[in-house]
There are 2 protein chains.
Amino acid sequence: MRVVVPFAAETPKTRLDGVLSAAERDAFARTLLRDVLSALEAAGHDPELLSTGPVDCEVPLTVDERPLTEAVNALLADAFESGVDEGVAVVMADLALATPTALADLFAADGDVVLAPGRGGGTNALLTRHPDFRVDYHGASIRDHRREADRVGATVTEVDSMRLATDVDEPADLVEVLLHGDGQARAWLRDAGFELQVTDGRVGLSRDGTPLETN
Amino acid sequence: MRVVVPFAAETPKTRLDGVLSAAERDAFARTLLRDVLSALEAAGHDPELLSTGPVDCEVPLTVDERPLTEAVNALLADAFESGVDEGVAVVMADLALATPTALADLFAADGDVVLAPGRGGGTNALLTRHPDFRVDYHGASIRDHRREADRVGATVTEVDSMRLATDVDEPADLVEVLLHGDGQARAWLRDAGFELQVTDGRVGLSRDGTPLETN
């Protein structure tokens, strides 16, 4: 099984620009990435990185400047042509809540294609054992991936995991990291001054005591 | 095991007021409720309703006009004083994606207290086998419920389920129902003209072809 983590090395996490500076977004994205790599390793896998640019890391690195979908599909084609053993998994680099247990359930699921939906129509993790399945991360990718599996005649299993469904894109996602995270990303946010802010029964976010807009 | 579904009979789902009329919110909330009751029945349970007012339904009904936390705690105290068998579960009435399988995992989990977190700090379903555990649904309830379990010396298990984590409060939640629902709530939304709207790679919502604001 090849386990690939795609990473956008330049200007990551732009939708956090209201609460983090560019340098902070860069550091936070790399912290999220390290958490995901650690969880995959703890689940017994040897992850590799598929990055748009150089990254300082200790796992095998492929640099491919093409957009996510193209880069992943090139890797899938190459892997299955080379007779990859047990298929290929693609796990997003910003799954701050991913635990070894949640990831192990993904890898243990039956089916030619296994999908872990993300909130808002994304596909936060997938695993394909079918040589013809290709990804399309644009738009409502979970729906497109169901159709693609159908197109190539692959059976599909969807895993039901809040931890895998939570990717970190927007300020509201930081609330989830503070509530449920146990990795470096949560520690990073705490060190940067972020805390939960409960006002009128609604759960929000503050930084250094100042409430932030999370919608 | 008593399985209780709290329901706000008057002016439900106010945060959907930008996309649904008051009468529609009322009808949609009752559709969500019926989906949850059906899923609980399919999981082998006999749910009962704890409502702030009269509801036309075929399951046992308790009307309690007090706020959610007070009403649930009164029921918990009463149930454990009466020597309830196997504990009490409290499942929210707006879990449009709850499947019998996801609910069965909740009921099968070990622990004096079992918690299913909702997005944004809520507790979408819980199960207590401990007579002294009490709820507090105000604010970041998942955090408060962890502390409460600790206070009474109860062991805690958290179930990791995207389906149980998704309650339907805001327009963005309707996207999840359209993408992942398989019950009456999804059919209701489709009949009311709602569809997914994919624009510039972002997944949103439209009604009768007109894009809606989901943030």
Side-chain angles (χ1 to χ4, degrees), chain A residues 15 67-69 97-99 101-106 115-125 136-146 158-166 169-176 178-180 182 195-205 213-215, chain B residues 15 67-69 97-99 101-106 115-125 136-146 158-166 169-176 178-180 182 195-205 213-215:
Chain A
R15 282 149 71 192
L68 177 61
T69 294
L97 307 188
T99 53
T101 302
L103 290 163
D105 287 348
L106 171 82
L115 303 173
R119 182 168 171 89
T123 307
N124 283 357
D136 180 355
Y137 284 108
H138 199 73
S141 70
I142 192 74
R143 189 175 58 169
D144 297 334
H145 289 148
R146 290 171 185 154
E158 293 196 25
V159 297
D160 174 22
S161 168
M162 179 271 283
R163 291 191 166 274
L164 299 185
T166 307
D169 285 320
E170 301 179 352
D173 300 322
L174 303 184
V175 169
E176 305 302 318
L178 289 172
L179 280 165
H180 303 291
D182 60 359
E195 287 185 349
L196 293 180
Q197 170 96 6
V198 181
T199 312
D200 298 333
R202 300 285 288 272
V203 181
L205 203 63
E213 194 62 56
T214 52
N215 279 324
Chain B
R15 282 148 72 192
L68 178 62
T69 295
L97 308 188
T99 53
T101 303
L103 290 163
D105 288 348
L106 171 81
L115 302 172
R119 184 169 170 88
T123 307
N124 284 358
D136 180 355
Y137 284 108
H138 199 73
S141 70
I142 191 75
R143 189 176 57 170
D144 297 335
H145 289 149
R146 289 171 186 154
E158 294 196 25
V159 297
D160 173 23
S161 168
M162 180 271 283
R163 292 191 164 274
L164 299 184
T166 306
D169 285 321
E170 301 179 352
D173 301 322
L174 303 184
V175 169
E176 305 303 318
L178 289 172
L179 281 165
H180 303 292
D182 60 0
E195 288 186 347
L196 294 179
Q197 170 96 5
V198 181
T199 312
D200 297 333
R202 300 284 287 273
V203 182
L205 203 62
E213 194 62 57
T214 52
N215 278 326

- Note on the structure: For A:A116 and A:V159 the tightest heavy-atom approach is CB-CG2, 3.5 Å

- Side chain from CB out, backbone as N, CA, C, O: work out which of these in A:A140 comes under 4.5 Å of a heavy atom of chain B, or both, or neither. both

- Message: With heavy-atom distances below 4.5 Å as the criterion, would you say the side chains of A:T214 and A:D173 are in contact?
- Response: no

- Task: Mind ranking B:L178, B:L196, B:T166, B:T101 by heavy-atom pairs under 4.5 Å with chain A and telling me who comes out on top?
- Result: B:L196

- Note on the structure: dist A:N124:CG -> A:L115:CG (nearest 0.5 Å) comes out at 11.0 Å

- Would you please name every residue forming a salt bridge (Lys or Arg N to Asp or Glu O under 4.0 Å) with B:D105, sequence neighbours left out? none

- Query: Side chain, backbone, both or neither: which part of A:L179 has an atom under 4.5 Å from a heavy atom of chain B?
  - Reply: both

- Task: Would you please name every residue forming a side chain to side chain donor-acceptor pair (under 3.5 Å) with A:D160, sequence neighbours left out?
- Result: B:S161

- Below 4.5 Å from any heavy atom of chain B, which atoms of A:R119 appear? Answer side chain, backbone, both or neither. both

- Query: When only pairs under 4.5 Å are counted, which of B:P117, B:G204, B:A165 shares the most heavy-atom pairs with chain A?
  - Reply: B:P117

- Query: In terms of heavy-atom pairs under 4.5 Å with chain B, which of A:G122, A:G120, A:A102 leads?
  - Reply: A:G120

- Do you know which of B:E176, B:E158, B:H138 has the most heavy-atom pairs under 4.5 Å to chain A? B:E176

- State whether the side chain of A:R15 and the backbone N or O of A:E170 hold a donor-acceptor pair below 3.5 Å, judged by distance alone. no

